Amino acid sequence: MAEGLYCVKMRASQEGRHISGAERIVPSAAVPSVVAQLAARALKHSKGVPDFVNVKVERPGEIVRLKALPVATNVTRTPAEGRALAADLLRGAGIGRIDEIMALFRETYSMRGAMLLDADTLERLEPDRARGVRATCMDAADSIAKGSAADKNHYAEAIVLATKVQHAPGIVAEICVSDDPDYVTGYVATRGIGYQRITVVKEKGDPSGGRIFLYRGPREQVPETIRFLEQQAVMVEDVPSLDMCHVGRARARPSRMDILADELAAVEAAGLGRRCQVSDAPTGPTTVIDGKPLLVLSSNDYLDLARDSRVTAAAAEAARRWGAGSGGARLTTGTQPPHVALEAHLARFKGTEAALTYATGYMANVGTIGALVGKGDVVLSDELNHASIIDGCRLSGATVMVYRHNDMDDLERRLAGLGVCRRRLVVSDAVFSMDGDMLDLPRFLEICHRHDAFSMIDEAHATGVVGATGRGLCEHFGCGHPDVLMGTLSKALGSEGGYVCGTKLLVDWLRNRSRSFIFSTAPGASAMAAADAALSVLEAEPERVARVRENAAFLVEELARLGVKAATQSAIVPILVGDERWAVRMAESLRAEGFLVPAIRYPTVARGAARLRVAVMSAHTRADLSLAAAAIARHYSGGE
Ligand SMILES: *Cc1c(COP(=O)(O)O)cnc(C)c1O
């Protein structure tokens, strides 16, 4: 494989101090011109005029071929921003002690090679500390194809080097700050996040810079790592060309899977990665995660019905009697007596003529909006509506108009400005899921009525919580019904599934036209029976509704007493924090103390509007809530 190939290495120094270096692996015919190019490059380096230039030509041993790391460019404006990003990227790759690592760049400038550090202890592992470890003997495969050394190309060379380094045994990350006073860029590279170029990491004219390689592995392996870095010939394929590198988001012609891996790694690196944690306990106000007992302040099971023995018995009995799954869509063989019974019960509970159930609340929204409006129609949606409403609006094909949160004047203006369109639908959360506030339903209904628009509200967080007996917003305001009363069985009702209550006409229409109802298997009888039983418990024990609201009010009072502002009209108590990282840190600290309170941040809420979102249950005790409020207040003021 190495037949006819030569490694040409250049290095230049001034009074023994390293100035520049470069290398190529090229066919023998290209060696003379490459030697000339590299020599020319050595003589005009902005780091200084060399008094010694060494160009070495040698036959490499076996060549290893590697695929270039995926490349992404992160645009930063100031060195501080660039360094903070580098720190974030490294942290995302599981490397801490960033400040100490960054401080070591004071020492790297005069080194010919890179610093090799133990990623955890930061011990230096290079045998010769003044020299460091030099990653050499590598090139981009493309420069062979072209038969000549490419023009000076800092980018491609850096990607080649970073790719080689990340394949050395035990290396987990590299951080590089350009050592050329004219360049202000740097990068962080790991196998996971690829080559993350950062446009500004230092001031222009600043001569400091260098490379740090981070190693994690047995000490006995270090010599092999150094051998790989310094001697193993490596050819890197698919290095992005200079042109590609200049565009905002440069990448090395990524394959479809590389795109996923690359973007996922960036998400992880930004601290926005998401994973499922296992709650190792029955649904309820406490749980166990990773062996740690936690007070759950984030559950939608507001009335503690998911584990209620009457509810679980109904589910078990229905599964035994009717089967674990329904075996078909509702319009084929999937409708069983529990489906029919629940729909009748829901309609009674909400005071409507009829009801229809869906497999999830998400599907109820998507299928209902799409059945009511389509191309040529208009749907108006509150800017803080739930994602399933947003998706329903988009999928419907109707023109979507987003009005300001709970701003009925804005809604009215927009409706008044509409020309002739076939249909209009106005849709809103009843209780907003991130803020816990409530829609002004009477005004909403009046406006919809006056403009002959369908009115639809999503009572996911209202059912079981709002209204004296938990029947939702209509009960709370003592007003009439919207055309569509949508909700979910998965929150206060402790089961799963979605529903729509309304007139018989509406329900007949949806049964005929709602695609997520028609083209999906009916939910199992056990989920239906569980929700039915939960409704019965709710009707028999309306004090649960009072208790969850009293608990929410108590928490708000406790927080206020401790200097933390919060307000709610439901069981959701948002505590505005603002800064994303602070919110995440608070959530982590609370968790360490046994309180499960999620930090909600962009993109779920606006940037800079990060918050802790507490969800209160009827089953929380005053003592639980006092302790939680005290912990929240302690961390809240600790961050200011
Ligand atoms: C949870 C939720 C839904 C979706 O209900 P699922 O049954 O979980 O699919 C819809 N709307 C709102 C406002 C919600 O909070």
Side-chain angles (χ1 to χ4, degrees), residues 276 279 283 298-303 305-306 315 339 342-343 346 350 355-370 379 381-396 402 405-406 425-439 441 444 455-466 470 472-473 482 484-501 514-517 520-524 526-528 530-532 534-535 548 568-574 598 600 603-605 611 613-617:
C276 295
S279 293
T283 310
S298 58
S299 175
N300 297 321
D301 180 24
Y302 298 120
L303 305 179
L305 291 175
H339 299 82
L342 174 63
E343 286 172 347
L346 282 165
K350 291 280 185 176
L356 193 69
T357 56
Y358 288 75
T360 68
Y362 182 100
M363 288 167 64
N365 271 331
V366 168
T368 303
I369 295 170
V379 54
S381 172
D382 187 289
E383 65 180 332
L384 295 190
N385 276 344
H386 188 261
S388 55
I389 296 180
I390 295 171
D391 292 359
C393 291
R394 289 183 182 153
L395 282 169
S396 73
V402 175
H405 174 52
N406 230 344
L425 164 67
V426 188
V427 55
S428 176
D429 275 16
V431 164
F432 288 86
S433 50
M434 291 304 139
D435 293 66
D437 56 337
M438 211 187 278
L439 168 71
L441 183 62
F444 179 85
S455 52
M456 170 168 175
I457 66 172
D458 174 341
E459 298 217 280
H461 299 282
T463 300
V465 175
V466 171
L473 254 61
V484 182
L485 259 176
M486 173 274 166
T488 174
L489 308 174
S490 65
K491 288 175 181 152
L493 296 178
S495 178
E496 57 194 38
Y499 63 84
V500 170
C501 293
S514 186
R515 296 176 64 83
S516 61
F517 174 82
S520 185
T521 297
S526 57
M528 302 293 99
D532 204 348
L535 269 179
V548 73
T568 185
Q569 296 180 288
S570 63
I572 299 162
V573 181
I600 311 286
T604 308
V605 295
R611 65 200 60 187
R613 178 186 181 277
V614 178
V616 172
M617 295 174 67

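We count ligands from 1, going down the list as the structure has it; atoms in each ligand are counted the same way. The shown structure was predicted, so the numbers you read here are calculated from the model rather than taken from an experiment. Nothing fancy with the numbering, it's 1 onward along the sequence.
Among residues two or more places apart in sequence or in another chain, the side-chain hydrogen bond (donor to acceptor under 3.5 Å, both in side chains) test is passed with S298 by none.
Looking at N300 against ligand 1, nothing comes within 4.0 Å, counting heavy atoms.
Remark: minimum distance from atom 8 (O) of ligand 1 to any protein heavy atom is reached at S490 OG, 3.5 Å. Atom 6 (P) of ligand 1 has as its closest protein heavy atom G361 N, 3.4 Å. The protein atom (non-hydrogen) at minimum distance from atom 2 (C) of ligand 1 is K491 NZ, 2.3 Å.
In this structure, S570 and H461 have side chains that are not in contact, with every pair of non-hydrogen atoms separated by 4.5 Å or more. A 4.5 Å side-chain heavy-atom check between Y499 and T463 finds at least one atom pair inside the cut-off.
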Q: Show the numbers, then the answer: is there a side chain to side chain contact (heavy atoms under 4.5 Å, CB included) between F517 and V500?
A: CA-CA 11 Å; F517 174 82; V500 170; over 6 Å; no
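Ligand 1 has no nitrogen or oxygen under 3.5 angstrom from a nitrogen or oxygen of M486. Considering backbone and side-chain atoms together, Y362 places an N or O closer than 3.5 Å to an N or O of ligand 1.
Residue S388 approaches ligand 1 through these ligand atoms, each under 4.0 Å from one of its heavy atoms: 10 (C), 11 (N). Counting atoms of ligand 1 from 1 in the listed order, those under 4.0 Å from a heavy atom of D458 are 10 (C), 11 (N), 12 (C), 13 (C). For ligand 1, the atoms lying closer than 4.0 Å to a non-hydrogen atom of D429 are 13 (C). Contact atoms of ligand 1 toward A460: 2 (C), 11 (N), 12 (C), 13 (C), 14 (C), 15 (O) (distance under 4.0 Å to a heavy atom of the residue). Of all atoms in ligand 1, numbered sequentially from 1 with element shown, those under 4.0 Å from a heavy atom of N365 are 10 (C), 11 (N). Atom numbering of ligand 1 starts at 1 in the shown order; those under 4.0 Å from a heavy atom of T488 are 5 (O), 6 (P), 7 (O).
Judged purely by distance below 3.5 Å, without hydrogens or angles, the side chains of H405 and D437 pair a donor atom with an acceptor atom. Looking only at atom types and distance, the side chain of Y362 has no donor-acceptor partner in the side chain of H386 under 3.5 Å away.
The side-chain hydrogen bond (donor to acceptor under 3.5 Å, both in side chains) test with N365 singles out one residue from T360, D391, D458, N385, and that residue is D458.
For E343 (side chain) and T357 (main-chain N/O), a donor-acceptor pair under 3.5 Å exists by modelled atom type.
Residue E496 places no heavy atom under 4.0 Å from ligand 1.
Other residues, nucleotides and ligands place no more than 12 heavy atoms under 6.0 Å from the CD atom of E496.
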